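Here the structure is laid out as C-alpha cells; the discussion comes afterwards.
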Amino acid sequence: MIEYVDTLLPYITTILLISSIYAIFSLGLNLEWGFTGIINFGHVAFLAIGAYTTVMFNMSGFPLFLSVIAGIVLSGFFGLLLGIPTLRLREDYLAIVTIGFSEVLRFILLNEQWLTRGPFGIHGFERPLQDVIPYQHYNTFLLILYLVILAIIYLSLERLVRSPWGRVLKSIREDEAVPSALGKNVFWYRLQSLMIGSAIAGLAGAMLAFYISYIDPNTFKPIETFHAWIIIILGGTASNKGTIVGALVFCTFLSVTQFTNRFLPFTAHQMGAFRMIVIGLLLMLLMMYKPEGIFGKKEELALSD
Amino acid sequence: MDILSVKDLKKHFGGVKAVDGCSIAIETGTVMGLIGPNGAGKTTMFNLISGFERGVGEIMFKGIRTDKLSPFKIARCGMVRTFQIPRALTKMTVSENLMLAPKTQAGERIWDVWLRPRRVREQERQIREKSRDILEFFEISHLGDEYAGALSGGQKKLLEMARAMMIDPSMMLLDEPFAGVNPTLARKISRYIRELRDDGMTFLVIEHDIPAITKISDRIVFMNEGKVMAEGEPAEIKRRRDVLEVYMGGEG
C-alpha cells in the first residue's frame, strides 16, 4: 500500500503539472477563439516565444521573475505584430497564416544556432526557488505554484469576459457588422484579444520550460496548437471552466494510455498513433451527441448556425 | 441646417450601377422616407452612408466628411443604422444585445475593468435600467433574459431598433422598420419616430409600406435604377404619375 502511494503521488503530481500548463495555454486560445472567434492555428508560436525569451533573458543575467515578465510581454508583442497585418483576413486565411507563422518561428529557432543553440536545445537554466526547495519536493512546490497561477489567470479571464469588454468580444464573434454599426472598433478589440491570448501562452511557455527544464524547437510543433484546440472543444468552447477540465481530461487520457500497451498488442510507437485515433473517435462522438462540450452552452455554440 | 448631405454618390458592382449619381440632403430633425422598387439601390445607399461600402462621391454628416471613414467611426459621430435582415446577436441574450450598444462605456476599456471597477459597475447598472425601459417600450421586456436566437423575425426587428435607441444617436437609418411587425406595434413605432423627431432626431427610413411611410415622413425620396427620380413632400410624391407607374404598376 505504502509503495503504491509512493509511486502514485508523483505520478498524479506530474499529470496535474502538465494539465495546469496545458490549461493556461488553452485558456489563451479560448479567449481568442471561444470568445472572439479568431481562428488561431499558430498558438504554439507564443508558447515558444514565452519559453525561449524567459530562458534566454535569464541566462544572460536577468532575474528570473523579470525574465518571465519579458517572456509574457514579448509574446503579447508578437501577437500584436502578427495581428496587425492578418486580423482583417477572413477566418480561413487567418488560420493558414497563423500556422505558417508558428512553423516559420520553429525553423528560426532550429536554424539560428548562435541565438537558440538550434536543435541541441537549452538546458541548465534557473528554475524558480531551486536553491531553496529540496529536490525531492520540487515538483510538489511547482504544482502548488502553477495551481495558484492557474487560479489567478482563470479568475482574471472570468472577470474580463463578463465585463462590457467581454461583451464586445462576444458580439464580434457572432457578427462583426453589428458592433461596427454601434461604433465599436472591431479590429482593435480583435487585436487586444490576440495580444492577451498570446501573452497568456507566453506565460505557459515559461512554465513549461521550468517544468521540463529543457527546451528545444521540436517541443513547439504545430500539434501542440491542436492539443489546445482539442482541449477547448472537449471542455466547451467559450467556457474557461470547461477549458481547465478539458485540459485535465486530455492530459490524464494521454498519460494513462501510455501504460495500456501492456494490455494491447501494440509497440510504443503504434500505441501513440492508436491514442490519437481514440481521441479522434471521442471527438467525433462528442460532436454528434454533445457538440457544446462538457461545460459549453448550446445557445452560444460557436460552431453552429 | 442639413445634418446629412450626399453629393453625386456612385457605386457600381461590375456592370450593375447600384447607385448612380445620387444627391440628397436631410434637414436636422426631420424624417426622410426612401422608397423605390426592389433593386433601386436603397440598401446600397444605406451601406454607403453608414460606411459599410465604399463608393465615389461626397458624404457630409454634421459637417464632417464621412465617405472615407470606417463604419465604427461614422457610428461614433452619432449615426446608427439597422439592417434589412435583422442582425440580432443570437448567441447573446436580448439584454446583452442592448447593453452592448451605448458608447463610451468605461468597462469596454480593459484597464478600466481593473482600475475603476466601481465606475464600471455603476455604469452597467444605469445601462441595464435604460435597456429595461427601452425593452418595455418595444413590448419585449419579458424576453430580456432569452437568447436572441429564440426570437421571431419580427421580434428581432424590434430588438435591432431597441439596440439602436440605446446609443441616443442624432440620426437613425432604418431599413424597413415595419416589415414583419404587427400593425399595433407598427403604429406605436411610427408614433415613437415622430416623437423622437420632435425632440430633434433625424431619420432616414427605407420602407415599402407606402401608407405608413407617407404618414411619418416630412420628405420622400423616390429611387429607381440607382437614381433619385423624385423628391418632395409625401403629398407631392403621391401625385407623381411616374412614381406610381414604376412603383405600383400604375394601380394607384
Side-chain angles (χ1 to χ4, degrees), chain A residues 31 34-37 76 80 88 152 155-197 199-200 236-239 291-292 296-305, chain B residues 46-47 50-52 70-83 85-93 95-114 117 120-121 123-124 127-128 146-150 159-160 163-164 166-167 169 172-173 175:
Chain A
L31 181 69
F35 290 98
T36 327
L80 177 79
R88 289 179 213 272
I152 294 172
L155 292 173
S156 310
L157 281 171
E158 278 296 292
R159 179 155 185 190
L160 276 180
V161 298
R162 286 169 203 282
S163 73
W165 185 81
R167 193 158 60 209
V168 178
L169 293 196
K170 284 194 234 170
S171 73
I172 294 170
R173 173 182 73 185
E174 189 175 336
D175 182 354
E176 58 181 85
V178 174
S180 292
L182 297 171
K184 319 288 177 200
N185 187 346
V186 169
F187 179 67
W188 170 230
Y189 279 98
R190 282 161 68 94
L191 208 52
Q192 288 180 64
S193 172
L194 185 64
M195 276 164 70
I196 295 171
I200 291 173
T237 301
S239 164
E292 70 275 22
K297 288 188 196 151
K298 208 166 199 155
E299 295 83 355
E300 290 185 20
L301 193 58
L303 295 168
S304 79
D305 223 345
Chain B
F46 261 38
N47 288 342
S50 57
F52 279 82
S70 39
F72 84 90
K73 283 189 180 146
I74 297 175
R76 281 184 188 176
C77 292
M79 180 194 290
V80 63
R81 67 166 295 178
T82 66
F83 295 90
I85 300 155
R87 292 179 106 137
L89 296 164
T90 57
K91 286 152 198 163
M92 293 164 77
T93 66
S95 302
E96 277 181 307
N97 262 273
L98 265 70
M99 292 177 69
L100 169 73
K103 12 180 201 186
T104 59
Q105 296 187 37
E108 288 181 354
R109 283 185 300 269
I110 204 162
W111 47 88
D112 280 349
V113 175
W114 299 105
V120 171
R121 257 201 313 276
Q123 227 177 21
E124 277 287 278
I127 292 171
R128 178 165 291 120
E146 297 288 329
Y147 278 93
L159 168 62
E160 222 192 355
R163 195 171 59 196
M166 287 291 291
I167 296 195
M172 273 179 77
L173 311 183
D175 202 340

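Below, all heavy atoms of this structure are taken into account, side chains as well, without hydrogens, waters or symmetry copies. Computed from a predicted structure; not experimentally measured. Chain letters run A, B, ... following the sequence lines, proteins first, then strands; residues in each count from 1.
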Of all the heavy-atom pairs spanning [X] and [Y], show the shortest one and how long it is.
X	Y	result
A:Arg159	B:Val113	NH2-O, 3.2 Å
B:Ala101	A:Lys184	O-NZ, 3.3 Å
B:Ala88	A:Glu174	O-OE2, 3.6 Å
A:Ala181	B:Ala75	O-CB, 3.2 Å
B:Phe52	A:Ser180	CZ-CB, 4.0 Å
A:Asn185	B:Arg76	N-NH2, 3.9 Å

At what distance, to the nearest 0.5 angstrom, does [atom1] of [X] lie from [atom2] of [Y]?
X	Y	atom1	atom2	answer
A:Tyr189	B:Phe72	OH	CZ	10.0 Å
A:Leu160	B:Ile110	CG	CD1	4.5 Å
B:Leu100	A:Lys170	CG	NZ	11.0 Å

So for atom CG, which belongs to A:Leu155, do other residues, nucleotides or ligands contribute more than 12 heavy atoms lying within a distance under 6.0 Å? yes
Flag if over 12 foreign heavy atoms under 6.0 Å of CZ, B:Arg128: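 For B:Arg128, atom CZ is not crowded (no more than 12 foreign heavy atoms under 6.0 Å).
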Chain B contact via A:Ala238 - side chain, backbone, both or neither, heavy atoms under 4.5 Å: neither
Below 4.5 Å, heavy-atom pairs only: which of [options] has the largest tally toward chain A?
options	result
B:Gln123, B:Arg163, B:Arg121	B:Arg163
B:Gln105, B:Glu124, B:Glu160, B:Met79	B:Glu124
B:Glu96, B:Met92, B:Lys73	B:Met92

Under a 4.5 Å heavy-atom cut-off, does chain A meet the side chain of B:Pro102, its backbone, both or neither? backbone
Ignoring hydrogens and geometry, is there a side-chain-to-backbone donor-acceptor pair from A:Arg167 to B:Met99 under 3.5 Å?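 Such a contact is found between A:Arg167 side chain and B:Met99 backbone.
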A:Val168, A:Leu182, A:Leu169: which one forms the most heavy-atom pairs within less than 4.5 Å of chain B?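 Among A:Val168, A:Leu182, A:Leu169, the one with the most close pairs to chain B is A:Leu182.
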